[in-house]
There are 2 protein chains.
Amino acid sequence: MELPGKTVERLSQYRRILYDSIREGKNYIYSHELAKMMNLTSVQVRRDLMLIGYSGSQSKGYVIKDLVALIGKIIDSDQGQHIIIVGMGNLGRAITSYFAGKRDKLVIVAAFDNDLQKTDRIVAGIPCYHINKLREVVEAEKVSIAVLTVAPEATHDVAKKLMEAGVKGILNYTSVPLTVPPDVYLEEYDIVTSLEKLAYLVKS
Amino acid sequence: MELPGKTVERLSQYRRILYDSIREGKNYIYSHELAKMMNLTSVQVRRDLMLIGYSGSQSKGYVIKDLVALIGKIIDSDQGQHIIIVGMGNLGRAITSYFAGKRDKLVIVAAFDNDLQKTDRIVAGIPCYHINKLREVVEAEKVSIAVLTVAPEATHDVAKKLMEAGVKGILNYTSVPLTVPPDVYLEEYDIVTSLEKLAYLVKS
DNA sequence: CTTATATTGTGAAACAAATAGCAACACCAC
DNA sequence: GTGGTGTTGCTATTTGTTTCACAATATAAG
Ligand SMILES: NC(=O)c1ccc[n+]([C@@H]2O[C@H](COP(=O)([O-])OP(=O)(O)OC[C@H]3O[C@@H](n4cnc5c(N)ncnc54)[C@H](O)[C@@H]3O)[C@@H](O)[C@H]2O)c1
Ligand SMILES: NC(=O)c1ccc[n+]([C@@H]2O[C@H](COP(=O)([O-])OP(=O)(O)OC[C@H]3O[C@@H](n4cnc5c(N)ncnc54)[C@H](O)[C@@H]3O)[C@@H](O)[C@H]2O)c1
């Protein structure tokens, strides 16, 4: 099954919101309720759920627990996936402390830097190694995903090392665009671009 | 002129890359060169430039300085725009220290928090006020854009205050989806969603 | 001058995503 | 049970974006 990228993103967010609903004691939810919480239309919610083959009851809506379980089946790997943070500066540390313990199936197992002040210590609760131990740790810990938060000038070099070490997904937060071969997945996000887009919109 | 959102985002990135090229002493650039640096196709670059009405020379390509100036005319306001950071936690501080002095036309003028440890001091180079001074400062400094990095449970409440104070663009980094009226522009980004999307892609 | 080559600019086709429209169904009030 | 209401599930349509294909043009080499 080949899901549209946007649908996968929304599934991740549905799940987070559904966890909150479970915590509030809800068992069922209607498409329009979920839509409202996510600021989209009920049609879109239903279409996403149709794509993953989930059916609700016409009177009670969707069974939250079942839906959460199905989304988990689609997004999570059975054994979970291991993540590393590469570049333990301000942003790397913020992400690490935020993410720690948030998800069962996605675990930050290590961080890397080339600044000796930061290496061979626990930083933000995670062991931080020197970048030249990258390959070793990636192989030992079976790391599949890396978050790239190094200084911009190191981006290409470090990305190359990541791919050589066998990382299959890169989340690039540096301001430098990356190119990856087809067997590696890349997501990029740049805060300056978002701000400039807002500036353009607000201006008009 | 109504530009596609994706085009606006790329224009912001073209400009950043073009600044680097100017620094390296280049005066002209071809669509395929720019495309390669941004990891997209030359057709797409040309299409974007066509949309903003910029023409290059068939032999030398595009005049970098002119192109940068035109992108500036489209994205920037003449007087510039003022930005605030709301929620001076790990992420808010990382963004502030990163952004400081990066752009002429987009200036972070203040930060806000409700933690008395952080307020009425300079944090990461920016004055940090108590959240109850929000309206006052927004009006005095003519703030048009806010970056929202407060704790998740405060999101709706603070967003409401921002809009009441007259902010027209919100960049929401909390994990809580927001709804805004049509005269306010909203961009949202969530790191957990990106990681889960990567997890989905890598898994398959 | 003529030809080969490299480039830009753009209409049209293809693709991706969001939205509309509606049939089918379950439930409730009476 | 019958009619009204609110819901899901699905197909068709619309909208937005990217890619294809190629005409037009400038330059350089022969
Ligand atoms: N902080 C933000 O809000 C923000 C926003 C957008 C983009 N970025 C980008 O994210 C990246 C990190 O930003 P930051 O604010 O954390 O910067 P930072 O300077 O605080 O952190 C960069 C870290 O990378 C490490 N590093 C440098 N070269 C390295 C190498 N070769 N190998 C391993 N580690 C190396 C440095 O030692 C440092 O710890 C930058 O590329 C920046 O452009 C940051
Ligand atoms: N750090 C990350 O990488 C990351 C990633 C994704 C999302 N987020 C989201 O970004 C937000 C901030 O993350 P963080 O890691 O910086 O958390 P943090 O706890 O370090 O910072 C939150 C800040 O908001 C302030 N705050 C709380 N309530 C407030 C209120 N009513 N008014 C003003 N200020 C208030 C707190 O005093 C604190 O300084 C959170 O919503 C989090 O979910 C963070």
Side-chain angles (χ1 to χ4, degrees), chain A residues 1-14 18 21 26-64 66-67 70-71 177 179 182 185-188 193 197 200-201 204, chain B residues 1-14 18 21 26-64 66-67 70 177 179 182 185-188 193 197 200-201:
Chain A
M1 183 168 47
E2 197 53 35
L3 255 22
K6 293 289 176 72
T7 294
V8 175
E9 292 173 17
R10 281 190 298 265
L11 288 174
S12 159
Q13 295 175 317
Y14 294 154
L18 291 173
S21 300
K26 272 185 86 121
N27 291 313
Y28 293 89
I29 195 165
Y30 294 120
S31 60
H32 68 257
E33 295 177 293
L34 192 45
K36 184 150 193 214
M37 292 191 264
M38 294 235 346
N39 192 25
L40 27 90
T41 67
S42 62
V43 182
Q44 188 154 58
V45 171
R46 291 203 300 276
R47 195 165 112 324
D48 285 335
L49 300 192
M50 191 191 89
L51 288 174
I52 63 172
Y54 185 71
S55 273
S57 127
Q58 273 135 358
S59 46
K60 297 183 171 174
Y62 303 96
V63 181
I64 299 181
D66 293 356
L67 182 49
L70 179 58
I71 294 175
T179 316
Y185 296 94
L186 175 68
E187 294 281 309
E188 303 192 271
T193 299
K197 186 180 181 188
Y200 166 82
L201 292 169
S204 61
Chain B
M1 184 167 47
E2 196 53 33
L3 254 22
K6 295 287 178 73
T7 294
V8 175
E9 292 172 17
R10 282 191 298 267
L11 287 174
S12 157
Q13 295 175 317
Y14 293 153
L18 291 173
S21 300
K26 272 185 86 121
N27 291 312
Y28 294 89
I29 195 165
Y30 294 120
S31 60
H32 64 87
E33 297 177 291
L34 192 45
K36 184 152 192 213
M37 292 190 264
M38 294 234 346
N39 191 23
L40 30 88
T41 68
S42 63
V43 181
Q44 189 155 56
V45 171
R46 292 203 299 278
R47 170 75 51 183
D48 286 334
L49 300 192
M50 188 190 98
L51 289 175
I52 63 172
Y54 185 71
S55 273
S57 125
Q58 273 132 359
S59 46
K60 297 183 171 173
Y62 302 95
V63 181
I64 298 181
D66 293 355
L67 182 48
L70 180 57
T179 316
Y185 297 93
L186 174 68
E187 295 280 309
E188 303 192 270
T193 299
K197 185 180 182 189
Y200 167 82
L201 292 168

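Model, not experiment: these values are computed from the prediction.
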Item to complete: Report the distance from atom NZ of A:Lys6 to atom P of D:dT15, rounded to the nearest whole Å.
Response: 18 Å

Discussion item. So if I take every side-chain heavy atom of A:Met50 and compare against D:dG9, D:dT18, C:dA18, which nucleotide ends up nearest?
Written reply: D:dG9

Worksheet item: Expressed in angstrom and rounded to an integer, what is the separation of A:Gln44 atom CD from D:dG9 atom P?
Response: 16 Å

Discussion item. At 4.0 Å (heavy atoms only), tell me whether A:Thr7 reaches a base, stays on the sugar-phosphate, or touches nothing.
Written reply: nothing

Fill in: Sub-4.5 Å side-chain heavy-atom contact between A:Thr7 and A:Tyr14
no

Discussion item. Main chain of A:Ser59, side chain of A:Tyr30: is a donor-acceptor contact present, judged purely on distance under 3.5 Å?
Written reply: yes

Worksheet item: Quick one: what's the B/S/- string for nucleotides 25-30 of chain C, heavy-atom cutoff under 4.0 Å, read 5' to 3'?
Response: SSS---

Fill in: Sugar-phosphate only, base, or nothing, as touched by B:Ser31 at under 4.0 Å among non-hydrogen atoms
sugar-phosphate

Discussion item. When you compare the side chain of B:Leu3 with that of A:Tyr200, does any pair of heavy atoms fall below 4.5 Å?
Written reply: yes

Discussion item. Without decimals, in angstroms, what is the distance between B:Leu51 CG and D:dT18 P?
Written reply: 10 Å

Item to complete: In whole angstrom, give the distance that lies between atom OH of B:Tyr28 and atom C1' of C:dT7.
Response: 15 Å

Worksheet item: Can you tell me how far CG of A:Leu34 sits from CD of A:Gln44, rounded to the nearest 0.5 angstrom?
Response: 11.0 Å

Item to complete: Tell me which of A:Val43 and A:Pro4 sits closer to the 5' end of DNA chain C, going by the nucleotide each one is nearest to.
Response: A:Pro4

Practice prompt. For C:dG9, take OP1 and OP2 only and decide whether either is under 4.0 Å from a side-chain N or O of B:Ser55.
Written response: yes

Discussion item. Quick one, B:Glu187 and A:Leu201 - any side-chain contact, counting heavy atoms below 4.5 Å?
Written reply: yes

Discussion item. Counting only side-chain heavy atoms from C-beta out, which of D:dC20, C:dT7, D:dT8 sits nearest to B:Arg47?
Written reply: D:dC20

Practice prompt. Let me know the distance between OH of A:Tyr54 and P of D:dC10, rounded to the nearest Å.
Written response: 14 Å

Worksheet item: Between C:dG9 and B:Tyr62, is there an OP1 or OP2 to side-chain N/O distance shorter than 4.0 Å?
Response: yes

Worksheet, complete the sentence: Between CG of A:Leu40 and P of C:dA20 the distance, given in whole Å, is 13 Å

Response to the item:
Rounding to 0.5 Å, atoms OG (B:Ser55) and OH (B:Tyr62) come to a distance of 7.5 Å

Fill in: Residue pair A:Tyr54 / A:Asp48, side-chain heavy-atom distance below 4.5 Å
no

Worksheet, complete the sentence: Rounded to whole Å, CG of B:Asp48 lies from P of D:dG16 at a distance of 16 Å

Worksheet, complete the sentence: In whole angstroms, the gap separating P of C:dA20 from NE2 of A:His32 amounts to 18 Å

Worksheet entry | Contact under 4.0 Å: B:Arg46 side-chain N or O vs C:dT8 OP1/OP2 | yes

